J.: 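Just dropping this structure here.
Please read all numbers here as calculations on a predicted model, not as lab measurements.
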Amino acid sequence: MSGAALGLEIVFVFFLALFLLHRYGDFKKQHRLVIIATLLAWYLCFLIVFILPLDVSTTIYNRCKLAVNSSPAESNGSYVTLAPSKQKCFKPWSYIPNGIMPIFWRVVYWTSQFLTWILLPFMQSYARSGGFSITGKIKTALIENAIYYGTYLLIFGAFLIYVAVNPNFNLQWNQLQTIGIAAANTWGLFLLVLLLGYGLVEIPRSHWNGAKRGYLLMKTYFKAAKLTTEKADAEENLEDIMEEVRKVSESIKYNHPLRKCVDTILKKCPTEYQERMGRNMDDYEDFDERQNSYPSEKSLVKLHKQVIYSVQRHRRTQVQWQILLEQAFYLEDVAKNETSATRQFVHTFHSQEPENKIIQYFYTPTVEWYWECLLRPWFYRVLAVVLATFSVIVVWSECTFFSTKPVLSLFAVFIQLAEKTYNYIYIEMACFLTIFFLSICVYSTVFRILCGIYFADFLLFCRLTPPLCLNFLGLTHMDATISHKNTQPTAYTSIMGSMRVLSFIADGFYIYYPMLVVILCIATYFSLGTRCLNLLGFQQFMGDSEMTSDLIDEGKELIRREKRKRQRQEEGENRRREWKERYGNRDDSTRNRVVHTDQKESSFSETNTNRPLSKYTRSNGRTERDTIELLQDAEPLDFNADSINDDPLELDLGRYQPGGRYLSMSRSEIFEDV
């Protein structure tokens, strides 16, 4: 089994990263280079989380073997036996041979650092740049990333000056690597503690509040009201930008030198705006530099960047709105089904995605009712208690992990107890669950702050994973810098180098700064940050606020309107389906008769152009008109909340043409009175 566990986990983590990228990304729309770079970044970060427990168990076995080899010993199969005391060092099932892990960690660490600090930020800025040439995009990307590079180089330069001035150290290449790693870990640990202090409290509290009846629904109404404002701002901003694009497109004609730049901007616009602007480009007028003033290339670059940002923001708000609607409809269904006497879960709307037949077979409406209305609240309460217990253990260990005699860190106590019995399965599971919990607390906070910024979230994901794992090794006293023991370090800490080169970092910042998590947890528990944002005018969900109640009522009305709109759409689709099923056998023959009638009516109308169209209005009744619409695959005429007339038959008589066709109304005519 030597090395087999490492190979299996490498393959498993790759397919896990590929599955998540396919689940949350779009391979068809993204560039292949972007997909490969993002997949590689996710894959390397997942490897650190999954392989580190194997490194810990292997290190524990190597420490035992070194202790045994210091006295006369004899080897026997999969373990080493100490002759005098008959002590046994059992080899773990996931043992990794010596020499593999240092090379593995070196490749994983430096590749991930290159991706997260250089390649991925550069690709992100390059994609968002408004330049029209490769040189212009590269220049913009370097300028935008200067702030990230500047903060890192500032920390690295300060450490370098400290080592150069200190006469006790001779600067060598290994020490230079250690300084670079220390700068990256210091930057990551600074942000890690801030995010961890929020997540350790908010995650258990969110699960506890999720078990309360109606709490999540009220919070969803509140989010809907806030998101509506953001969505309206995004739509208004997009309209303004598209108006500027239209003016530029009309002023710069087809043979202007900058017309290629305008065409590039038009390709980034939504499809409906492209079609609207294309109607005004049929004149092919030559440009005249003496008569008109044309925008410069610099202004077009700025406009191009504004178009990219406004389109991304508009799409993001639209997707968030659809997700929020689905969540609101689901929570309303749960509230409605709680009082159901049949104990079968009934959905207001059918799922838009096809469900798995296996899931449908086992997850019946009765099972769904018991889970959603009865078991889920209790499950959330139990989970909240377990997560709160984990949070307390993490906070205690972060404040006491520097103490080695006595050992106060609970994670270190658990690992040392398992080390005495050589329970490697327990050690690996405990390490993985602890790292996984710390990752959830940190990255959930990142997703809340940077919701929708797809690329930036996982840039931080790559930057925070190495210092998070290093902090975990400190909590378990597997880091010799923390434990102050002359024992064999893990392969992961060995590639980090000896932090003794920077004693004020190893003995100061790494030990005392994590204690700040206590203050942050207390501030989060009493919602001090939420209250401060609320006072500054950024509305937050607070149960005792009058503004919150108003936004909840507003969001409830918005959700009700969207539900009525979707119900009308489903009713229209059902009516169209029923008509197709009823007249499906006579579909081809009826279409032929309709086409023949259209030809007769069109020839008749050409000879009688002055005859009024009153005989095509309502004489044939609703049934005949609905039949003609459905046979021509026309969209059913549903009730429109924005219209004045409730009856769909009350239409403008001049818009109905012979043969059962309606002329399409342009957008300018629809919104002319607004």
Side-chain angles (χ1 to χ4, degrees), residues 49 52-68 70 82 85 87-90 92 185 189 192-193 196-197 200 386-439 441-442 467-494 496 498-500 503-521:
V49 175
L52 188 61
L54 305 185
D55 189 9
V56 172
S57 62
T58 301
T59 302
I60 292 175
Y61 171 74
N62 290 333
R63 289 178 179 179
C64 177
K65 189 168 62 174
L66 288 175
V68 170
S70 61
L82 183 62
S85 61
Q87 181 182 358
K88 298 179 180 180
C89 296
F90 292 95
N185 290 335
L189 185 63
L192 179 69
V193 173
L196 192 62
L200 288 173
V386 174
L387 293 176
T389 304
F390 257 98
S391 297
V392 172
I393 294 175
V394 170
V395 173
W396 172 263
S397 300
E398 289 285 0
C399 297
T400 60
F401 72 92
F402 60 89
S403 176
T404 57
K405 293 182 180 180
V407 178
L408 298 179
S409 174
L410 296 180
F411 291 113
V413 172
F414 297 153
I415 296 298
Q416 291 177 5
L417 290 176
E419 183 179 356
K420 293 179 181 179
T421 59
Y422 303 102
N423 193 346
Y424 296 109
I425 300 295
Y426 169 81
I427 292 174
E428 293 172 2
M429 291 300 299
C431 292
F432 174 76
L433 292 177
T434 304
I435 297 174
F436 182 75
F437 177 72
L438 294 175
S439 302
C441 292
V442 172
L468 184 146
C469 293
L470 190 63
N471 178 256
F472 161 75
L473 293 176
L475 295 179
T476 56
H477 288 184
M478 296 299 296
D479 187 357
T481 305
I482 303 299
S483 61
H484 302 286
K485 294 181 180 179
N486 189 16
T487 57
Q488 181 182 1
T490 61
Y492 184 80
T493 55
S494 65
M496 295 290 179
S498 177
M499 292 300 170
R500 295 300 175 188
S503 58
F504 72 97
I505 293 294
D507 299 331
F509 183 79
Y510 282 176
I511 292 178
Y512 296 106
Y513 178 72
M515 296 181 184
L516 183 63
V517 73
V518 179
I519 300 176
L520 296 174
C521 288

J.: Taking only residues two or more places apart in sequence, or in another chain, which ones meet Tyr426 in a ring pair (Phe, Tyr, Trp, His ring centres under 6.0 Å)?
T.: none
J.: Considering all heavy atoms of both residues, which atom of Phe401 and which atom of His477 are nearest to each other, and what is their separation?
T.: O-NE2, 2.6 Å
J.: Kindly write out the residues that satisfy ring pair (Phe, Tyr, Trp, His ring centres under 6.0 Å) with Phe414, not counting sequence neighbours, or none if the list is empty.
T.: none
J.: State the CG-OH distance between Leu54 and Tyr492, to the nearest 0.5 angstrom.
T.: 14.5 Å
J.: Show the nearest heavy-atom pair for residues Phe90 and Tyr61, with the distance to one decimal.
T.: O-CD1, 3.2 Å
J.: With a 3.5 Å distance limit and no angle check, can you tell me whether Tyr424 reaches the backbone of Ile60 through a side-chain donor-acceptor pair?
T.: no
J.: Looking only at heavy atoms, what is the nearest atom pair of Cys441 and Leu200, with distance?
T.: SG-CD2, 3.7 Å
J.: Return yes if some donor-acceptor pair links the side-chain N/O of Asn62 with the main-chain N/O of Thr58 below 3.5 Å, else return no.
T.: yes
J.: Please enumerate all residues that pass side-chain contact (heavy atoms from CB on, under 4.5 Å) together with Leu520, with sequence neighbours excluded.
T.: Val193, Leu194, Leu516
J.: Please enumerate all residues that pass side-chain contact (heavy atoms from CB on, under 4.5 Å) together with Thr59, with sequence neighbours excluded.
T.: Asp55, Arg63, Met478, Thr490
J.: Identify, with sequence neighbours excluded, every residue that meets side-chain contact (heavy atoms from CB on, under 4.5 Å) alongside Val392.
T.: none
J.: Suppose we screen for side-chain hydrogen bond (donor to acceptor under 3.5 Å, both in side chains). Which residues come up paired with Glu428, at least two apart in sequence or across chains?
T.: Ser57, Trp93, Ser94
J.: Please identify each residue that fulfils side-chain contact (heavy atoms from CB on, under 4.5 Å) with Ser397, with sequence neighbours left out.
T.: Ile393, Ser409, Leu410, Phe411, Leu475
